[in-house]
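Each remark here refers to the structure printed beneath this line.
All of these numbers come straight from a predicted model, not from anything done at the bench. The chains referred to below are lettered A, B, ... by the order of the sequence lines, with proteins before strands, and numbering in each begins at 1. All values below come from the heavy atoms of this structure, side chains included, with hydrogens, waters and symmetry mates left out.
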Amino acid sequence: MTTPTAPAADLFDPDLPWRRARSVALRPEPFGALVYHFGNRKLSFLKSRTLVTVVETLADHPSATATLVACGVPEAQRPAYVKALADLARSQMIERRPEEVRA
Amino acid sequence: MTAVLPSRPAAPERPTGGRLVDQFEYGLDAPICLTWELTYACNLACVHCLSSSGRRDPRELTTAEAEGVIDELQRMQVFYVNVGGGEPTVRPDFWHLLDYAIGHDVGVKFSTNGVKLDRARAEQLAATDYVDVQISLDGATAEVNDRVRGTGSFATATKALENLAEAGMKDFKVSVVVTRENVSQLDDFRTLTDRYGAQLRITRFRPSGRGADVWDQLHPTQAQQRELYAWLLANGDRVLTGDSFFHLSAYGQALPGLNLCGAGRVVCLIDPVGDVYACPFAIHEQFLAGNVRSEGGFQRVWQQSELFAELRSPQTGGACTRCAHFDACRGGCMAAKFFTGLPLDGPDPECVQGYGETALAARDLDLVKPKSHLDHSHTGPVRGQPTLLGMPAVPAASTPAPPARICDESPLAGLQLG
Ligand code: SF4
Ligand code: SF4
């Protein structure tokens, strides 16, 4: 692999539709949740319950930003959440949702 | 039951936020690093076997019981287990249990000495998702390896590596227990693993099982520990270590991996008869939390045992808490202290500040080191028996044949955090 030069945030566009990756499972824990990717066998952690709700409901909203709003994440905290989501995107824990076909 | 640990004040509330290690100290709803030893039977008789394996125990879990444990792990969302032994592949139902676990969302990483990994098995493994294999090797040359693992064991292991590589298996590991005799071979181990396209994983040698009998002779010297630390700083990102070497971070810089004793918090062992211990290196009644055969099964043991509740609080007292390096080193490995007869809230026997050596020297001469109540070592001669114990330097303890097993495995080696 070549050295990645693009900062993680560039790989993650919060205005697009996302979802928890299909090969990823969440296990609730007192501090948040454990995230496991069955494909690449990476283990990761969500360190707040709100973040758990965000990841679980990404698929219900048109974009990651809309999810943050729906989950009541205060404006001031959104950059931190976007960064956390960008990290999760980089480790393939969340994935882009194919554009919806609207009925 | 008597308290295992130096008395700790009633567990404080779990903090919110903060570092993950601080959260781990309070335990999790299910382990993230569960070792499951499927059998005490082993074809080898390694001198440092952490579980004193050799002979099968007649009470070992049946196939149906093992399936029941897997069902439970699936319900608890234990995403993968580290399977070991003994030599797990000598269990006739091993391949069935492997498929059963994978079919129930429980990935398997298993450790083997390679005895059953012929070409057909290697191809089968290469075609299976969610399985990780690691081959135990304790010397980069047959000479160094076979002295502790037995004559012919190097050839068996490298043949298995060759089979895996030829079958196109990805990401398999070579697992090395670092000893006084092989610590100088770390670069050679890397060359060897690269040759097979494998990944190197090194773990700490702990005085557990038969390891206690050879610990004085085989554990790295202070000077070697310093070299190891330097090597890890330079190569740490390309080698898996789990929680093996966090006691070395007291030299200065934190090392990659989990810097915490996870026993009973995020780590535990299910042994072949279903007993649940706080850690695979702690097979002793004092660390026995329950049995999966009892009512409520593994889940009840993990979530409700008194022992585990006791282990799930931060250490607040003892000599180490006053050490400047405590935050990095956390007093080291509980099992290493226990089996060398040191207090659990004091320094690790390999404390890099040298306090461990002082403590070892100050031990009461009459002290009887705790010994496991279990020993499944072979009682007769074993083919290709290790020669280490035959060295003239060792007092002629007329123990019959040194018994068998597969090698030590850090409960957290290979854990990728983040
Ligand atoms: S090996 Fe030692 S440090 Fe690791 S979990 Fe077991 S007792 Fe703790
Ligand atoms: S005194 Fe304890 S905390 Fe300090 S370096 Fe030694 S083992 Fe680690």
Side-chain angles (χ1 to χ4, degrees), chain A residues 1-4 7-9 11-12 20-56 71-74 76-95, chain B residues 11 13-34 73-82 101-109 128-134 170-173 199 240 242 257-258 262 265-266 302-303 312 412 414-418:
Chain A
M1 202 174 83
T2 51
T3 345
L11 302 169
F12 174 73
R20 166 167 58 82
R22 279 149 310 165
S23 39
V24 162
L26 289 195
R27 179 173 104 199
E29 284 293 344
F31 59 85
L34 211 122
V35 197
Y36 186 68
H37 193 298
F38 279 96
N40 63 27
R41 285 164 232 169
K42 278 214 170 96
L43 194 58
S44 190
F45 303 88
L46 303 181
K47 291 205 286 175
S48 90
R49 301 235 175 146
T50 311
L51 185 55
V52 178
T53 318
V54 168
V55 171
E56 287 291 38
C71 293
V73 176
Q77 285 181 27
R78 283 193 206 147
Y81 275 80
V82 168
K83 188 185 167 296
L85 290 173
D87 286 344
L88 290 168
R90 198 174 21 164
S91 50
Q92 297 162 345
M93 298 297 188
I94 61 174
E95 63 191 10
Chain B
E13 292 273 313
R14 175 191 292 271
T16 33
R19 299 177 305 174
L20 271 170
V21 280
D22 299 325
Q23 290 294 332
F24 286 179
E25 284 200 310
Y26 292 85
L28 298 176
D29 288 352
I32 50 177
C33 192
L34 171 65
L73 298 180
Q74 180 183 26
R75 282 196 300 275
M76 290 175 75
Q77 290 191 281
V78 173
F79 300 122
Y80 61 87
V81 290
N82 303 297
I102 292 163
H104 289 77
D105 299 332
V106 179
V108 172
K109 303 186 182 183
T128 312
D129 278 338
Y130 310 137
V131 62
D132 254 344
V133 188
Q134 48 200 28
K170 296 266 175 314
D171 292 327
F172 56 104
K173 276 113 194 144
Q199 203 180 359
L240 302 167
L258 181 73
R265 294 165 160 160
V266 301
W302 178 262
Q303 294 179 351
R312 289 171 195 165
L412 285 158
L415 174 66
Q416 296 170 338
L417 291 169

Legend entry - A:Y36 and B:Y80 aromatic centres sub-6.0 Å: yes
Legend entry - Flag side-chain contact, heavy atom, 4.5 Å: B:K109 against B:V81: no
Legend entry - Heavy-atom contact with chain B under 4.5 Å, split by part of A:L88: neither
Inset, instruction - Could you list the residues that satisfy ring pair (Phe, Tyr, Trp, His ring centres under 6.0 Å) with B:Y130, not counting sequence neighbours? - result: A:F38
Inset, instruction - Could you pull out all residues at least two apart from A:E95 that satisfy side-chain hydrogen bond (donor to acceptor under 3.5 Å, both in side chains)? - result: A:R19, A:R22
Inset, instruction - Sort B:Q77 into side chain, backbone, both or neither according to what part of it lies under 4.5 angstrom from a heavy atom of chain A. - result: both
Legend entry - Part of B:D105 lying under 4.5 Å from any heavy atom of chain A: both
